[in-house]
Amino acid sequence: MTIHNQEIADRLERAADLLEIGGSDAFRVRAYRQAAQTVSGLAQSLADQVENGADLNELPDIGQNMAEKIATIARTGELPQLDELEETLPAQLSELMQLSGLGPKRVKALHQDLGIDNLDDLKQAVDQQRVRQLEGFGRKTEETIAEHLARRQGQETRTRLMEAEEVADTLARDLDGIEGVQQLTVAGSFRRRKETVGDLDILVTAEEGSAVMERFTGHEEVREIVSQGETRSTVVLRSGLQVDLRLMPEAAYGAALHYFTGSKAHNIAVRRMGVERGLKINEYGVFRDDERIAGRTEEEVYASVDLPYIEPVLREHQGEIEAAQQDRLPQLIELDAIRGDLHCHTRASDGHESPRAMAEAGAERGYAYLAITDHTQNLTVAGGLDEARLREQIERIDRLNDELGGRITVLKSAEVDILADGSLDLPDSILEQLDLCVCSIHDKLDRSREQQTERVLRAMDNPNFSILGHPRGRLIGKRDPYDLDLERVLAGAAERGCFLEVNAQPKRLDLSDADCRLAKEMGVKVAISTDAHSSTNLDYIRFGVDQARRGWLEADDVINTRSLEALRTLLKR
DNA sequence: GCCGTTTTCGGCCCGACTGTTTTCAGTCG
């Protein structure tokens, strides 16, 4: 059985929790957490790497000891140190740590003094008002625990970026209108454009802050005020999304922006560099002794530790600091580099508009080309095209191109189903008349890793195969990716001259950021496409570009930054 | 547990807010 990276990360995280509850050295605990984060951010299978004798010690902040622990988990699924910990402390104490307001000290007290081993025990103790009797706890703390216990019932805590963006835009507009507000930025993982965000961090500079704070905590969307201070308040919106507002002096804007954009691991690394240079870096600036020497802009903060500016999308402590030091940060792809969209649907299958409407919308966005990729016959629920209907579609697009007079070129294409045996669901005789084929898996998602990988590789053997659509098949927060050996798929794509898609649908974002990085490392270019089902969906492209940027991709790594001629050349296999 | 232009030992990011306290510990980001 192959151990997945996430399973390795989970074990390290659990070990960190139990070590912390047991009162272990805080820096050792941090090392485990940092390792867990690094591991979960990798697209390559660590189990495979370990098998191939890779040196995990080369990963950032993973030393010899941690590398051995990871290798042990990867090989055996077990971590002896974790087993030992679980002999002295119940494993489920780790779950208590997830509860907001409960940290290691309180969990330890709950366990030692009240014999609480798990969430059920805790619920019972809260109901019997036994928690408030503990030293250091009180009525209020017990009530907070009760609330969080009630709320966590089946609730997914992370919000997809697009939904977060709607909320952020509304709040930002309302707060930005207040007199005296100078600058307002939504920072945090939102600014780093993570595919999901846990909360929103809004950073404001203003001459007079109290009006902003009042407007914020009194906003009609607010369900609950978690905390409220002069410079920082936290609320929960009716949607369940938590929002923090921080008020900062103008002169500290850059330092605050850096601080609140995170990631935490990135910040710690930067501050550590500050310490090495005798500097103290916090949200108010960069200080030597008590003198502020920088902080108005983020550039100043980075410059104080001899680094160039690092884009927010890269600040995940996944090697960006080392890259910056060595002057090899990527020139990240920009939205305006996109010359066309290579995946969209029309009324011919499950889209909502005509090919013409989609083409016009593409032209309005300045695109040189747009591929119409309606579903094919295997996907009956979407009204997939059979051979005859695809032939009609081809003729329709030929006529449409004549009518458009070169304002935009509509590419003849289809989103072709990859059948379980790896064959495509329309004959080559029709597929070879298309400009390109986006090929996707839509059924039999539960096949084994070996079967699914073979299925894709066999499909790529077909010379008409151009781009693997939504390669992982995941739906964020709803459906796990199907089991696929992405490294083998990428190697296969590299050999055969195929491409992988970065599907820009906010619910998909598939490839992921880590997958993009792996694709680049393995020399496979991607297409960033929206999978639009209506003309407005074409705007989703920005989510795809953000994901690609998080994956360190440059314009050259993305085929639809090419001119039509250059694209046609790339598509020839 | 990690790491090295001060170091192979001895450091390790830093401040705000809350609740339970009578000056601070715990938690969070």
Side-chain angles (χ1 to χ4, degrees), chain A residues 12 15-16 19-21 23-36 38 56-70 79 81 96-110 131-145 148 187-190 197-203 213 217 225-235 242-248 252 255-256 258-287 301 305-306 317 321-322 325:
Chain A
L12 294 173
L19 279 170
E20 199 170 19
I21 295 166
S24 178
D25 176 63
F27 298 104
R28 176 196 248 189
V29 172
R30 178 195 294 168
Y32 276 83
R33 293 204 197 285
Q34 176 59 44
T38 300
L56 305 182
N57 197 357
E58 285 173 8
L59 293 168
D61 287 341
I62 292 186
Q64 198 52 52
N65 284 318
M66 195 60 79
E68 279 169 22
K69 288 184 170 64
I70 292 171
L79 179 62
Q81 286 87 347
L96 300 193
M97 293 273 287
Q98 309 309 315
L99 226 51
S100 176
L102 286 188
K105 301 292 168 57
R106 286 179 176 156
V107 169
K108 185 181 187 183
L110 289 167
V131 170
R132 65 177 62 182
Q133 294 158 14
L134 280 181
E135 190 183 340
F137 290 73
R139 182 184 56 82
K140 192 76 200 247
T141 304
E142 188 180 77
E143 286 172 4
T144 309
I145 293 172
H148 287 126
S189 49
F190 180 84
V197 303
D199 62 8
L200 290 177
D201 295 283
I202 302 180
L203 179 63
M213 276 300 178
T217 54
I225 299 171
V226 178
S227 72
Q228 189 169 14
E230 281 180 25
T231 63
R232 170 179 166 183
S233 294
T234 300
V235 302
Q242 180 170 306
V243 186
D244 288 1
L245 183 77
R246 331 262 181 158
L247 212 58
M248 300 300 293
H258 180 256
Y259 183 85
F260 294 122
T261 296
S263 66
K264 186 173 174 173
H266 173 90
N267 286 355
I268 288 175
V270 169
R271 274 196 227 143
R272 201 156 52 196
M273 294 179 69
V275 171
E276 286 167 8
R277 289 162 177 76
L279 302 174
K280 184 174 73 169
I281 303 176
N282 60 28
E283 58 265 56
Y284 298 104
V286 179
F287 299 87
V301 176
V305 292
D306 306 310
H317 195 41
I321 290 176
E322 292 77 4
Q325 285 171 324

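All values below come from the heavy atoms of this structure, side chains included, with hydrogens, waters and symmetry mates left out. Sequence lines set the chain letters: A, B, ... in the order given, protein chains first and strands last, and positions in each chain run from 1. In this text, all values refer to a predicted model and were calculated from it rather than measured experimentally.
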Arg139(A), CZ: over 12 other non-hydrogen atoms inside 6.0 angstrom: no

What nucleotide among [options] has an atom nearest to a side-chain atom of [X]?
X	options	answer
Arg106(A)	dC14(B), dG26(B), dG1(B)	dG26(B)
Ser227(A)	dC17(B), dC14(B), dG1(B)	dC17(B)
Thr141(A)	dG29(B), dG26(B), dT20(B)	dT20(B)
Asp61(A)	dC2(B), dG15(B), dG29(B)	dC2(B)
Met66(A)	dC12(B), dG15(B), dC2(B)	dC2(B)
Glu283(A)	dC17(B), dG15(B), dG29(B)	dG15(B)
Gln242(A)	dC14(B), dG1(B), dG29(B)	dG29(B)

Looking for any heavy atom pair under 4.0 Å, which part of the strands does [X] touch: base, sugar-phosphate only, or nothing?
X	answer
Asp25(A)	base
Gln34(A)	nothing
Thr231(A)	sugar-phosphate
Glu20(A)	nothing
Phe260(A)	nothing
Arg30(A)	base
Lys140(A)	sugar-phosphate
Gln228(A)	sugar-phosphate
Arg232(A)	base

In this structure, how many angstroms lie between the [atom2] atom of [N] and the [atom1] atom of [X], rounded?
X	N	atom1	atom2	result
Asp244(A)	dG15(B)	CG	P	18 Å
Asp199(A)	dG29(B)	CG	P	6 Å
Gln98(A)	dT27(B)	CD	C1'	14 Å
Leu134(A)	dA25(B)	CG	C1'	15 Å
Asn65(A)	dT8(B)	CG	P	19 Å
Arg277(A)	dG4(B)	CZ	P	12 Å
Leu102(A)	dG19(B)	CG	P	14 Å
Leu203(A)	dG29(B)	CG	P	17 Å

Taking only the [atom1] atom of each, what is the distance from [N] to [M] in whole angstrom?
N	M	atom1	result
dC2(B)	dT8(B)	C1'	12 Å
dG11(B)	dT18(B)	P	34 Å
dG26(B)	dT20(B)	C1'	11 Å
dG10(B)	dA16(B)	C1'	29 Å
dG15(B)	dC9(B)	P	31 Å
dC28(B)	dT22(B)	P	23 Å
dT23(B)	dC17(B)	P	22 Å
dG1(B)	dT7(B)	P	25 Å

Close side-chain approach of Asp61(A) to Thr38(A), heavy-atom, < 4.5 Å: no

Side chain proximity check, Leu110(A) to Phe137(A), heavy atoms < 4.5 angstrom: yes

dG1(B) phosphate, OP1 or OP2, under 4.0 Å from Lys69(A) side-chain N/O: yes

Verdict with reasoning, Val131(A) to Thr141(A), per side-chain contact (heavy atoms from CB on, under 4.5 Å): CA-CA 8 Å; Val131(A) 170; Thr141(A) 304; 5.7 Å; no

Donor/acceptor link under 3.5 angstrom from Tyr259(A) side chain onto base of dG15(B): no

Donor-acceptor pair present, Lys264(A) side chain and dG29(B) base, under 3.5 Å: yes

5′-ward residue of the pair Lys105(A)/Glu276(A) relative to DNA chain B: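 Nearest nucleotide further toward 5': that of Glu276(A).
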
5'-most by nearest nucleotide on DNA chain B - Ile281(A) or Ser233(A):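 Here Ile281(A) is the residue nearer the 5' end.
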
CD on Glu68(A) to CG on Leu79(A), rounded to 0.5 Å: 11.5 Å

Inter-residue atom distance Lys264(A).NZ - Gln34(A).CD, 0.5 Å rounding: 10.5 Å

Val301(A) versus Ala255(A), closest heavy-atom pair with distance: CG2-CA, 3.8 Å

Watson-Crick/G-U partner (both atom distances under 3.5 Å) of dC14(B):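 Because both required distances fall under 3.5 Å, dC14(B) counts as paired with dG29(B).
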
With Glu20(A), the side chain to side chain donor-acceptor pair (under 3.5 Å) member among Arg30(A), Arg28(A), Lys108(A), Arg33(A): Arg33(A)

